[in-house]
Every structure is written in structure tokens, then in C-alpha cells.
Amino acid sequence: MPQLDRELTVGALARRGGLPVWTLHFYEAEGLIHANRTRANHRRYPRATLRRVAVIKVAQRLGLPLARIREAFATLPDNRTPTPEDWATLSGAWR
């Protein structure tokens, strides 16, 4: 599968994640998500970023500040996208 098929543009991530593009840019600036850059300096997000965005949205609905979400993500090995097991751990700590 070509690399571009495995990654999402910022517009595609925004549509699929139900967020405006500027929010994704903000999340990236805050260190919550990470984009790869093309030679033309366009953002490309791994598909797993959709799950990360979903976790951020749920955590924000629970009233958690972005700093606390960022701290939780930092506890994941290699700052990876949360697995279902990671989600259970993170959400348990947030209760």
C-alpha cells in the first residue's frame, strides 16, 4: 500500500474526526498529535491519529484540560496511539 494511502490529509482527518482543521493544527502545536510532512510541506497524519483524536474529544468532554491529556499520552510507550487496553488505563486514571 503506498504511503499516501495509509495517511490522511488534514482535511480528511478533520472530516472523519468531526473537527475543524484549525483544531487539528492547534492539537499538533500542543503536542497531542503529530503530522508527517511531504516534500511540499503538506501535513499527512497516520490513520491511527483518528483514534488519538477520538480520545482527546472524549477526555475534553469529561472536562480534562489539554495539559492533562498530553501528560497521559506521554505515559504511553513511544507516545503511541492508545490501544483499547491503554484507553482502559487512561480513563480509569481520569475517573
Side-chain angles (χ1 to χ4, degrees):
M1 180 184 288
Q3 184 68 17
L4 289 178
D5 291 342
R6 290 182 282 167
E7 294 183 319
L8 300 169
T9 64
V10 68
L13 182 60
R15 279 188 304 279
R16 293 181 68 181
L19 296 168
V21 169
W22 66 264
T23 299
L24 297 174
H25 291 174
F26 179 73
Y27 286 171
E28 188 177 349
E30 291 294 310
L32 296 166
I33 61 174
H34 173 74
N36 299 314
R37 297 292 182 133
T38 67
R39 288 185 179 157
N41 204 31
H42 298 160
R43 290 174 169 88
R44 295 292 186 264
Y45 295 91
R47 288 191 180 275
T49 306
L50 279 168
R51 190 170 351 143
R52 212 170 163 91
V53 167
V55 170
I56 294 167
K57 287 173 67 174
V58 169
Q60 285 188 297
R61 278 191 217 125
L62 293 172
L64 295 170
L66 292 179
R68 187 147 178 223
I69 299 167
R70 184 177 40 254
E71 289 169 5
F73 282 165
T75 68
L76 300 172
D78 297 324
N79 208 23
R80 72 169 183 247
T81 296
T83 64
E85 295 79 20
D86 295 330
W87 170 246
T89 302
L90 294 174
S91 62
W94 291 336
R95 284 190 200 150

Donor-acceptor pair, Arg52 side chain versus Pro82 backbone, under 3.5 Å? no
If the condition is side chain to side chain contact (heavy atoms under 4.5 Å, CB included), which residues does Arg61 pass it with, not counting sequence neighbours? Lys57, Val58
Minimum heavy-atom separation for Ala14 to Pro20, with atom names? CB-C, 4.2 Å
For a 4.5 angstrom cut-off between non-hydrogen side-chain atoms, does Phe26 reach Leu66? yes
Across all chains, not counting sequence neighbours, the side chain to side chain contact (heavy atoms under 4.5 Å, CB included) partners of Ala67 are Arg70
Arg16: partners by side chain to side chain contact (heavy atoms under 4.5 Å, CB included), with sequence neighbours left out: Leu8, Arg47, Leu50
Closest approach of Tyr45 and His34, non-hydrogen atoms and distance? CD2-O, 3.6 Å
Test: side-chain hydrogen bond (donor to acceptor under 3.5 Å, both in side chains). Region: residues 17-27. Which pairs qualify, not counting sequence neighbours? His25-Arg43, Tyr27-Gln60
Of all the heavy-atom pairs spanning Arg68 and Leu64, show the shortest one and how long it is. NH1-CD2, 3.2 Å
Got a list of side-chain donor-acceptor pairs under 3.5 Å for residues 86-93, not counting sequence neighbours?
| residue | atom | partner | partner atom | Å |
| --- | --- | --- | --- | --- |
| Asp86 | OD1 | Arg80 | NH2 | 2.9 |
| Asp86 | OD2 | Arg80 | NE | 3.0 |
| Asp86 | OD2 | Arg80 | NH2 | 2.8 |
| Asp86 | OD2 | Thr83 | N | 3.0 |
| Asp86 | OD2 | Thr83 | OG1 | 3.1 |
| Thr89 | OG1 | Glu85 | O | 3.3 |
| Ser91 | OG | Trp87 | O | 2.8 |
| Ser91 | OG | Ala88 | O | 3.3 |

In this structure, which one of Val53, Leu24, Ile69 forms a side chain to side chain contact (heavy atoms under 4.5 Å, CB included) with Leu32? Ile69
List in chain and number order the residues that pass side chain to side chain contact (heavy atoms under 4.5 Å, CB included) with His42, two or more places apart in sequence or in another chain; answer none if no residue qualifies. Thr38, Ala40, Arg44
